[in-house]
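For reference, the structure is listed below as structure tokens.
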Number of protein chains: 2
Amino acid sequence: MKITELSQNCGEWLRGGKNDHAGVVLSCRVRLARNLSAFNFVARADDAGRLAVLKTVREAVATINFPATELAYFDLEQLSDLERVFLLERHLISRELTDKPGARGVIFDRQEKLSLMINEEDHLRLQALGGGEQLRETYDFLSKIDDDLSNFLDFAWTPDLGYLTACPSNVGTGMRVSAMLHLPALTITKHIEKVFRLVTELHLAVRGYYGEGTKADGDLFQVSNQITLGRQESELIDDLAAMINQLTDFELKARDFLWQERRLELEDRVWRSWAVLREARLIKAEEAMFHLSSLRLGAAMRIIPPISPAALNCWLLLCQPAHLQVNAGRAEMPAPERDALRASMLRKQLNAIKN
Amino acid sequence: MKITELSQNCGEWLRGGKNDHAGVVLSCRVRLARNLSAFNFVARADDAGRLAVLKTVREAVATINFPATELAYFDLEQLSDLERVFLLERHLISRELTDKPGARGVIFDRQEKLSLMINEEDHLRLQALGGGEQLRETYDFLSKIDDDLSNFLDFAWTPDLGYLTACPSNVGTGMRVSAMLHLPALTITKHIEKVFRLVTELHLAVRGYYGEGTKADGDLFQVSNQITLGRQESELIDDLAAMINQLTDFELKARDFLWQERRLELEDRVWRSWAVLREARLIKAEEAMFHLSSLRLGAAMRIIPPISPAALNCWLLLCQPAHLQVNAGRAEMPAPERDALRASMLRKQLNAIKN
């Protein structure tokens with residue numbers, strides 16, 4: 001598999017899911033942190049140690065019951081800066097794996113459901129992505145792979161603590177479950193801060209589109225568990241699922257409020273975004289995400305013609321900088337040229353919709 | 001003539017002119033300040049004096065050779081606040097005549113070419129409006145009326161000073177000639193300040209769309225003479241005409257520059273404005289003027305489908321607050337409702353254009 005083969009399409013998880021809670025839940029993610037007991041943790045590993053971990057994990061992966069043709073390995077050190085950012089934009093690798101030097105790699109399947117990051121903060125980070133709210137299914141899928149791998153890999157684990165991890169916040173289950181939520185009405189009505197205080201009080205975390213420390217561009221928020229220690233995996237899933245239900249409910253109530261009390265203002269935002277995406281010649285990424293958020297809201301509320309969540313998810317991805325460059329076959333590109341390409345891509349997509 | 005009869009249309013002068021200098025010159029205006037020697041100046045007049053001036057001027061106007069059915073008189077004290085602002089928006093009366101209390105009136109013709117303001121700052125302000133750059137024709141037209149009136153009215157005049165006026169800046173010819181210019185490219189390229197320093201050095205003045213102290217909304221600028229004393233009327237006209245040529249030349253050069261060097265940015269602004277006007281549900285007056293400016297520029301440069309200057313001039317007028325209210329038959333209207341009406345009117349107009 002070549003990286004450029006991916007570039008025109010979106011991962012399976014972005015095609016939407018059966019449980020998308022009225023379009024509010026874009027996707028979910030389960031991640032497990034694991035370390036090999038026979039090796040130093042990544043932060044204390046030398047080059048030989050890192051290479052040995054890479055080799056050991058790859059050998060184990062080769063044995064597991066997963067359609068072999070579907071899995072591809074990429075050595076992060078062999079990839080260009082552009083290709084690494086491209087994988088980051090697809091959520092196939094983390095910021096840490098993108099930027100931090102040293103022998104490291106990623107294995108993922110063509111559908112981009114599974115991603116195994118090697119020598120990230122921990123020796124192995126297993127990640128599964130699902131469309132909509134499919135936390136349970138996504139966890140079951142990943143758990144099976146975790147089980148299969150544990151037949152060949154000796155994970156650092158103690159009866160008292162559970163899985164041992166580089167960061168204490170991951171000790172225990174080593175699990176983080178998260179969901180990507182689209183909360184534009186809560187943002188417009190300025191209730192979002194209040195809602196997030198509630199989320200935080202319940203020991204869950206809220207982050208932006210690209211994880212920790214990033215902004216909530218496009219009104220997209222990642223909600224995840226904070227605690228991994230002293231809880232069962234299914235409790236963590238149940239807690240997050242309950243919170244997703246709650247947040248979806250808040251968001252839909254806020255949409256109702258906007259529809260009843262501030263309809264013109266709502267329609268104005270949606271139609272302006274529709275118009276700008278159909279005609280602008282230069283659009284920065286942040287502005288594109290704002291307008292795509294309006295469209296997602298407008299389509300969900302039937303203000304504008306139907307646009308599928310899958311199409312919106314895909315455009316969101318295709319308008320990211322590295323995707324624009326990979327699709328144009330350009331390692332380097334000045335920002336204004338990217339803005340023109342982005343506008344052109346979005347204009348083409350939007351004008352293909354029957355008004 | 002009823003004020004509401006005017007509200008759906010635009011004055012003749014807004015229909016464009018034969019000398020519009022590639023769309024840069026929207027219109028021109030000649031104004032003559034006159035006072036009756038038999039009466040105290042307006043600032044020192046009592047009620048009886050003001051009424052006497054009104055009566056005297058109206059009697060004189062009735063005698064002049066102007067199609068009688070075409071002229072209408074309005075007592076400003078009898079008009080509502082809304083109607084006064086409506087006339088101000090049409091440039092038929094000045095801000096002073098709109099706001100300052102006391103017996104005062106205006107006489108204008110149905111085509112809105114001529115306007116005679118009585119008891120403004122001076123007893124009589126004669127104003128003629130012309131489309132495009134028709135300074136000479138507009139002056140000749142007004143001068144004839146001034147001559148006719150002077151057969152019946154004894155204007156305050158001395159051989160040394162010329163016409164005597166309330167403000168020393170008007171003494172002499174009592175004339176102000178001005179033109180409304182559309183200078184978006186000079187604004188975008190930020191050369192406008194430099195250009196205006198030049199204008200000011202040549203003893204000409206630059207003002208916004210609604211005259212002294214107003215902003216240049218919609219990239220529209222009024223350029224006029226500053227000096228009225230010690231110069232002949234035709235010199236003042238020639239000076240302004242030369243400046244209009246110069247400014248038009250600067251503006252067209254700036255447009256060429258944008259086309260050559262910053263085309264995408266230019267197209268982006270024009271197409272975004274086109275898109276927003278076709279779809280927005282709420283637009284404030286200032287924003288509407290900005291977008292109409294983009295459209296005027298875009299149409300002149302053939303970036304968007306053709307839109308006549310006459311249509312643009314008319315929309316500019318119809319989207320002003322008092323025009324929206326008069327057309328809706330509403331003495332009072334909350335700003336958001338006006339914004340919705342404005343957006344709706346512009347949307348209808350823009351969507352009637354073949355793309």
Side-chain angles (χ1 to χ4, degrees), chain A residues 188 258-259 261-285 287-288 290-292 294-295 297-299 301-305 307 319 324 328 333-355, chain B residues 188 258-259 261-285 287-288 290-292 294-295 297-299 301-305 307 319 324 328 333-355:
Chain A
I188 294 170
L258 290 176
W259 185 253
E261 306 295 331
R262 293 164 65 181
R263 191 178 312 184
L264 262 184
E265 197 185 322
L266 172 70
E267 291 179 333
D268 186 58
R269 169 163 167 186
V270 170
W271 281 112
R272 278 174 182 255
S273 288
W274 164 271
V276 166
L277 291 177
R278 282 165 72 95
E279 297 294 2
R281 263 56 179 172
L282 293 167
I283 304 188
K284 293 187 195 306
E287 192 196 345
F290 173 85
H291 293 313
L292 289 174
S294 309
L295 256 51
L297 177 64
M301 296 184 76
R302 296 165 194 253
I303 293 169
I304 50 170
I307 309 177
C319 80
L324 290 169
M333 190 181 284
E337 205 177 327
R338 271 204 309 266
D339 296 343
L341 261 186
R342 181 179 295 115
S344 167
M345 184 276 286
L346 290 165
R347 200 162 69 247
K348 201 175 128 195
Q349 299 288 357
L350 263 288
N351 282 297
I353 296 171
K354 287 216 170 54
N355 194 348
Chain B
I188 294 170
L258 289 176
W259 185 252
E261 306 295 331
R262 293 165 63 182
R263 192 179 311 186
L264 261 184
E265 197 185 321
L266 172 69
E267 292 179 334
D268 186 57
R269 168 162 168 188
V270 170
W271 281 112
R272 277 174 183 255
S273 289
W274 164 272
V276 167
L277 291 178
R278 281 165 71 95
E279 296 294 3
R281 263 53 179 175
L282 292 167
I283 304 188
K284 292 188 195 305
E287 192 196 347
F290 173 86
H291 293 312
L292 289 173
S294 308
L295 256 53
L297 178 64
M301 296 185 76
R302 295 163 195 256
I303 293 169
I304 50 171
I307 308 177
C319 80
L324 290 169
M333 191 183 282
E337 205 178 328
R338 271 204 309 267
D339 295 344
L341 261 185
R342 181 179 296 113
S344 165
M345 185 276 287
L346 290 165
R347 199 162 71 246
K348 201 176 127 194
Q349 299 288 356
L350 264 288
N351 281 298
I353 296 170
K354 287 215 169 57
N355 193 348

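Both backbone and side-chain heavy atoms feed into the values below; hydrogens, waters and symmetry mates do not. Chain letters run A, B, ... following the sequence lines, proteins first, then strands; residues in each count from 1.
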Taking the side chain as every heavy atom from C-beta outward, state whether A/I283 and B/R272 have any pair of such atoms under 4.5 Å apart. yes
Grab the two heavy atoms, one from A/A340 and one from B/L264, that are nearest each other, plus how far apart they are. CB-CD1, 3.5 Å
Going from CG on A/L282 to CD on B/E267, what distance comes out if it is rounded to the nearest 0.5 angstrom? 9.0 Å
At their closest point, which heavy atom of A/E279 faces which heavy atom of B/W271, and how far apart are they? O-CB, 3.2 Å
